[in-house]
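In what follows, a structure is listed as structure tokens, so that the remarks can point back to it.
Excluded from the calculations below are hydrogen atoms, water molecules and symmetry mates; all remaining heavy atoms, backbone and side chain alike, are included. Within every chain, numbering begins at 1; the chains are lettered A, B, ... in the order of the sequence lines, protein sequences first and strands thereafter.
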Number of protein chains: 2
Amino acid sequence: MDAEAIKRSLEDTGLRCTPQRYAVMAFLMETDQHPTSAEIFEAVNRVDPRSSRATTYNNLRDLVQAGLVREVAIEGRAARFDAKGMRHHHFICDRCGNVEDIDWYDLPSPAPGSLDKRILRESEVIFRGLCAKCAPGGASRQA
Amino acid sequence: MDAEAIKRSLEDTGLRCTPQRYAVMAFLMETDQHPTSAEIFEAVNRVDPRSSRATTYNNLRDLVQAGLVREVAIEGRAARFDAKGMRHHHFICDRCGNVEDIDWYDLPSPAPGSLDKRILRESEVIFRGLCAKCAPGGASRQA
DNA sequence: ATATCACATTAGATATAGTCTAAGTTCTCA
DNA sequence: TGAGAACTTAGACTATATCTAATGTGATAT
């Protein structure tokens with residue numbers, strides 16, 4: 001996605017396209033690494049040092065509220081962030097904490113009645129388990 | 001589950017059945033509220049003040065490691081804990097952060113290949129969305 | 001043009017959640 | 001009964017994230 005498209009997607013949600021906000025969004029769209037806020041802060045300031053930690057947090061909050069970014073909480077670790085592009089599920093490794101995207105596929109609804117009145121957010125779910133590196137026989141590097 | 005059964009389940013995993021640890025486990029088994037560590041600490045000490053915060057955290061860590069308890073991370077909030085009884089999925093409300101159990105049902109695996117070498121943990125997943133209270137028309141109390 | 005005002009950024013203080021340390025206690029088993 | 005392992009504890013510490021108050025920036029009206 002080009003600069004103009006990012007700018008438009010920001011403004012479509014009522015957010016100004018500031019250099020700092022743009023940098024966060026652009027970085028999230030070009031990576032598939034599900035970075036933490038600290039990693040985003042570093043990446044943005046590596047290119048052109050011009051965003052504070054507070055602004056990085058502010059912008060991440062705004063982008064999540066605007067529905068452009070998803071935050072993924074992980075037990076005992078910093079939250080990770082993911083630009084919402086195409087619908088997809090997530091997989092989090094129980095051992096190293098890495099987050100991976102899983103291509104979208106339809107999941108059946110829970111037993112009728114058990115989710116009455118609840119609105120599932122597009123039925124995107126989080127799977128847990130051991131990633132390729134951490135599974136027995138894998139390279140098993142701790143992240 | 002009675003006291004003896006809790007004691008046995010602890011010792012089966014190699015953990016001593018201390019009063020503090022027993023209290024944490026018993027509280028988690030009798031509630032369906034997915035409490036935070038602070039709530040567990042308070043509940044335990046309300047009955048008989050005899051556990052420190054550090055011990056509560058230590059025991060929660062031990063119980064999670066032993067596979068008797070599940071920790072559920074939530075963006076921007078304290079982790080919540082859940083005694084693993086019968087297999088079940090989880091639902092987390094995007095608005096109030098409440099966690100609900102969803103009765104177990106089989107989910108189809110992701111598209112073949114997309115999880116190569118990954119090991120799904122029993123295919124229990126976390127759904128996201130709006131709970132009954134927070135959905136439009138619901139009572140909408142913030143938790 | 002420029003005044004105004006809402007939106008945005010910033011450094012640093014503060015809050016919250018959770019971990020570590022070092023000392024003491026209790027259990028187990030030889 | 002003594003030794004070592006497992007456990008508990010208060011309080012210090014760390015990590016993550018939010019808040020505050022001052023400053024900066026850009027859109028709009030006049």
Side-chain angles (χ1 to χ4, degrees), chain A residues 6-7 10-27 34-45 47-66 68-81 97 99 142-143, chain B residues 6-8 10-25 27 34-45 47-66 68-81 97 99 142-143:
Chain A
I6 293 178
K7 184 167 184 293
L10 288 174
E11 289 169 351
D12 282 352
T13 67
L15 294 171
R16 277 194 202 154
C17 183
T18 66
Q20 293 84 353
R21 187 171 287 153
Y22 176 90
V24 168
M25 193 64 207
F27 176 64
H34 304 88
T36 63
S37 67
E39 288 163 349
I40 295 166
F41 171 79
E42 280 167 36
V44 166
N45 285 271
V47 177
D48 182 357
R50 52 174 182 183
S51 188
S52 69
R53 271 168 222 283
T55 297
T56 305
Y57 277 113
N58 288 343
N59 282 328
L60 284 168
R61 181 198 1 83
D62 295 342
L63 292 169
V64 167
Q65 272 186 353
L68 297 172
V69 167
R70 168 161 305 175
E71 181 178 354
V72 183
I74 308 174
E75 304 82 25
R77 300 171 190 259
R80 290 171 173 277
F81 296 87
V99 179
Q142 195 83 352
Chain B
I6 293 178
K7 183 167 184 290
R8 238 182 300 112
L10 288 174
E11 288 169 351
D12 282 353
T13 67
L15 294 172
R16 276 194 203 156
C17 183
T18 67
Q20 293 84 352
R21 187 172 287 152
Y22 175 89
V24 168
M25 195 62 207
F27 176 64
H34 305 86
T36 62
S37 68
E39 289 164 348
I40 295 165
F41 171 78
E42 283 167 35
V44 165
N45 285 271
V47 178
D48 182 358
R50 54 177 181 184
S51 187
S52 69
R53 273 169 220 283
T55 298
T56 304
Y57 276 113
N58 287 344
N59 282 327
L60 285 169
R61 182 198 359 84
D62 295 343
L63 292 169
V64 167
Q65 271 186 355
L68 297 172
V69 167
R70 168 162 305 175
E71 181 178 355
V72 183
I74 308 174
E75 304 82 22
R77 300 170 192 259
R80 291 171 172 278
F81 296 87
V99 179
Q142 196 84 353

Discussion item. With a 4.5 Å cut-off on side-chain heavy atoms, are A/Gln20 and A/Val44 touching?
Written reply: no
Can you measure [X] atom [atom1] to [N] atom [atom2] for me and round it to whole angstrom units?
X	N	atom1	atom2	result
A/Arg16	D/dT25	CZ	C1'	7 Å
B/Asp62	C/dT19	CG	C1'	13 Å
B/Tyr22	D/dA6	OH	P	24 Å
A/Arg53	C/dT9	CZ	C1'	15 Å
B/Glu11	C/dC27	CD	P	12 Å
B/Leu10	C/dC27	CG	C1'	15 Å

Discussion item. As a quick check of understanding, evaluate side chain to side chain contact (heavy atoms under 4.5 Å, CB included) for B/Val69 and B/Met25, giving each step before the final call.
Written reply: CA-CA 8 Å; B/Val69 167; B/Met25 195 62 207; 4.0 Å; yes
Worksheet entry | Among C/dT10, D/dT8, C/dG18, the nucleotide that comes nearest once only the side chain of B/Gln20 is considered | D/dT8
Response to the item:
Out of C/dA8, D/dT9, C/dA17, minimum distance to the side chain of B/Tyr57 belongs to C/dA17
Sugar-phosphate only, base, or nothing, as touched by [X] at under 4.0 Å among non-hydrogen atoms:
X	result
B/Thr36	nothing
A/Ala38	nothing
B/Arg21	sugar-phosphate

Fill in: DNA chain C: 5'-proximal contact among B/Phe81 and A/Cys17 (nearest heavy atom)
A/Cys17
Looking at [X], I'd like to know whether one of its side-chain N or O atoms comes within less than 4.0 Å of OP1 or OP2 on [N].
X	N	result
A/Ser37	D/dA17	yes
A/Thr18	D/dT25	no
A/Asn59	C/dT9	yes
B/Thr55	D/dT8	no

Discussion item. Tell me the bend of the helix from C/dA1-D/dT30 to C/dA30-D/dT1 as the angle between end helix axes, each from five pairs, rounded to the nearest 10 degrees.
Written reply: 20°
